[in-house]
Amino acid sequence: MTNVPTTTLECLPLLASALGAAERGWPVIPLHPGSKRPAGHAERVCPGTGRCAGGHRTPEERATTDPELIRSAWAHRPYNVGIATGPAGLLVIDLDPVKADEPEGAPDGATSLQALCERAGQVLPDTYRVRTARGEHLYFTAPTGARFKCSVDRLGPHIDTRAWGGYVVAPGSVTRDGAYAVACDAPVAELPGWLAERLTEAHKPAPVPVRVHDGTRAARVALERECAVITAATDGGRNSTLHRSACKVARFVAWGDLPRDVAEQAIQGAGESTGLPPAECRTTIRSAMNWVIAHATPREAA
């Protein structure tokens with residue numbers, strides 16, 4: 001009997017999860033082992049080769065249902081599995097728990113969703129559900145022709161949605177917070193119309209113009225300009241635009257012309273206005289700021 005390498009055995013359940021999602025028509029991406037972060041490279045370090053030979057491709061664009069590509073990716077490393085919700089035709093409701101610093105009695109995502117249904121006089125249909133490391137994912141198919149973006153707390157406290165521009169961690173994956181597993185293996189239901197109405201772009205508030213009072217005039221102008229650039233970013237380029245603009249503003253922080261907290265708060269608000277998750281915005285902004293501040297060259301003489 002041939003011994004199968006331990007690494008291969010470790011990969012098998014995750015490979016099965018990725019192939020199972022692909023069989024449903026849900027494109028998948030590898031996530032770092034034990035993590036929720038995509039394993040692919042960031043745009044700023046894109047080698048411009050392979051699948052990116054024609055230009056950088058985001059994780060959503062690299063997601064695939066090709067069994068051969070999936071087997072190749074998961075053959076030797078136990079990647080967690082991400083499902084690209086937009087290309088999969090899915091809208092996933094993500095119910096999160098209450099944060100530790102919130103007041104006693106604050107509603108978690110499940111409580112908020114129940115209250116939303118009661119106010120609307122509606123009952124959610126049975127659908128495919130995944131127990132996450134900290135809450136639950138409810139899978140729905142998006143209505144034909146609809147193109148929903150991700151949202152944060154739009155339906156209620158601790159209720160996020162994942163659609164175009166996002167992904168969810170698939171069952172079978174494990175993070176340091178816990179495992180993801182199927183909680184209800186029912187067929188995926190279509191998103192109820194009353195929920196679709198609450199998620200339409202027409203109801204999205206316009207971003208508030210940034211007005212900065214701290215820092216030099218040049219720094220203030222640069223920050224306001226870059227925040228406007230971020231809020232105008234489109235689906236596929238929101239995170240890369242956020243990173244580029246944060247890098248431009250970070251120079252003024254490095255030179256002492258603008259307080260870092262002022263810059264980060266303004267850029268965070270601009271990033272969230274595009275529908276990017278708050279945590280993703282914070283990570284991108286912090287990465288840009290740290291790198292530029294550490295490598296900034298002295299200001300050029302006028």
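Residues: numbered from 1 along the sequence shown. Small disclaimer: the values here were computed from a predicted structure and weren't measured. For the numbers below, each heavy atom of this structure counts, side chains included, while hydrogens, waters and symmetry mates do not.
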Do L91 and I83 belong to the same hydrophobic cluster, where Ile, Leu, Val, Met, Phe, Trp and Tyr are linked whenever their side-chain heavy atoms lie under 4.5 Å apart, directly or via other members? no
In short, A263 meets L258 closest at the heavy-atom pair CB-CD2, 3.7 Å
Between G271 and L242, what is the shortest heavy-atom contact and its length? CA-CD1, 4.1 Å
Any side-chain heavy atom of I285 sitting closer than 4.5 Å to one from Q268? yes
In Å and rounded to the nearest 0.5 Å, what is the CG to OH distance from L138 to Y128? 12.0 Å
Interatomic distance, T161 atom OG1 to K149 atom NZ [nearest 0.5 angstrom]: 12.0 Å
A side-chain contact here means heavy atoms from C-beta on lying under 4.5 Å apart; do E264 and R282 qualify? no
Shared hydrophobic cluster for L9 and V81 (ILVMFWY, side-chain gaps under 4.5 Å): no
Could you pull out the closest heavy-atom pair between K248 and R251, with the gap in Å? O-NE, 3.3 Å
Steps toward side-chain contact (heavy atoms from CB on, under 4.5 Å) verdict (L191, T141): CA-CA 6 Å; L191 182 70; T141 58; over 6 Å; no
When rounded to the nearest 0.5 angstrom, what distance separates CZ in R71 from CG in L15? 7.0 Å
Is D261 atom CG crowded by more than 12 heavy atoms from other residues, nucleotides or ligands, each under 6.0 Å away? yes
Please check if the side chain of R198 supplies one atom and the backbone of W194 the other of a donor-acceptor pair under 3.5 Å. yes
Are I267 and L223 side-chain neighbours, meaning at least one heavy-atom pair lies under 4.5 Å? yes
Can you confirm whether W74 sits close enough to S17 that some side-chain heavy atom of one is under 4.5 Å from a side-chain heavy atom of the other? no
Would you check if E272 and V152 make a side-chain contact, meaning some heavy-atom pair closer than 4.5 Å? no
Checking the side chain of T284 only, and the main-chain atoms of C281 only, is there a donor and an acceptor separated by less than 3.5 Å? no
Within the side chain of E60, is there an N or O that forms a donor-acceptor pair under 3.5 Å with the backbone of P87? no
Geometric class of the W255/F252 ring pair [parallel <30°, tilted 30-60°, perpendicular >60°]: perpendicular
Measure the CZ-SG distance between R129 and C184 for me, rounded to the nearest 0.5 Å. 7.0 Å
Could you grab the distance from atom CE of M289 to atom SG of C247, nearest 0.5 Å is fine? 8.5 Å
Using every non-hydrogen atom in the two residues, find where P78 and C11 come nearest and quote the distance to one decimal. N-SG, 3.4 Å
Output the distance between atom OG1 (T58) and atom CG (N239), rounded to the nearest 0.5 Å. 10.0 Å
Which atom pair, heavy atoms only, marks the closest approach of Y139 to P171? OH-CD, 4.3 Å
Find out whether L195 and I93 are in side-chain contact, i.e. whether some heavy atom of one side chain is under 4.5 Å from a heavy atom of the other. yes
When you look at R244 and E226, which way does the side-chain contact (heavy atoms from CB on, under 4.5 Å) test go after all the steps? CA-CA 9 Å; R244 283 196 299 270; E226 294 307 322; over 6 Å; no
Taking A279's backbone N and O only, do any of them form a donor-acceptor pair with T283's side chain (distance below 3.5 Å, no angle check)? yes
Transitively linked via ILVMFWY side-chain contacts under 4.5 Å: V188 with W164? no
For Y180 and V168: C-alpha separation, side-chain torsions, deciding distance, then whether side-chain contact (heavy atoms from CB on, under 4.5 Å) applies. CA-CA 10 Å; Y180 289 67; V168 290; over 6 Å; no
Is it the case that the side chain of T85 and the backbone of G166 share a donor-acceptor pair, with hydrogens and angles ignored and the cut-off at 3.5 Å? yes
Side-chain polar contacts of residues 24-34 - donor-acceptor pairs under 3.5 angstrom, sequence neighbours left out - could you list them?
from : atom 1 : to   : atom 2 : distance (Å)
R24  : NH2    : D185 : OD1    : 3.4
H32  : NE2    : P38  : O      : 3.4

Between D94 and H137, is there a donor-acceptor pair closer than 3.5 Å when you use the side chain of the first and the backbone of the second? no
Tell me whether R238 contacts the main-chain N or O of T274 through its side chain, where contact means a donor paired with an acceptor under 3.5 Å. yes
On a heavy-atom basis, which atom in S273 and which in T231 lie closest, and how many Å separate them? OG-CG2, 3.3 Å
Apply the side-chain contact (heavy atoms from CB on, under 4.5 Å) test between K36 and each candidate in N80, V169, T132; give the one that qualifies. V169
Show your reasoning for whether side-chain contact (heavy atoms from CB on, under 4.5 Å) applies to C150 and L276. CA-CA 7 Å; C150 299; L276 284 172; over 6 Å; no
Is the closest side-chain heavy-atom distance between D160 and P277 below 4.5 Å? no
Residues 109-117 side chain polar contacts: donor-acceptor under 3.5 Å, at least two apart:
from : atom 1 : to   : atom 2 : distance (Å)
T111 : OG1    : D108 : OD1    : 2.7
S112 : OG     : D108 : O      : 3.1
S112 : OG     : P157 : O      : 2.9
Q114 : NE2    : E118 : OE2    : 3.4

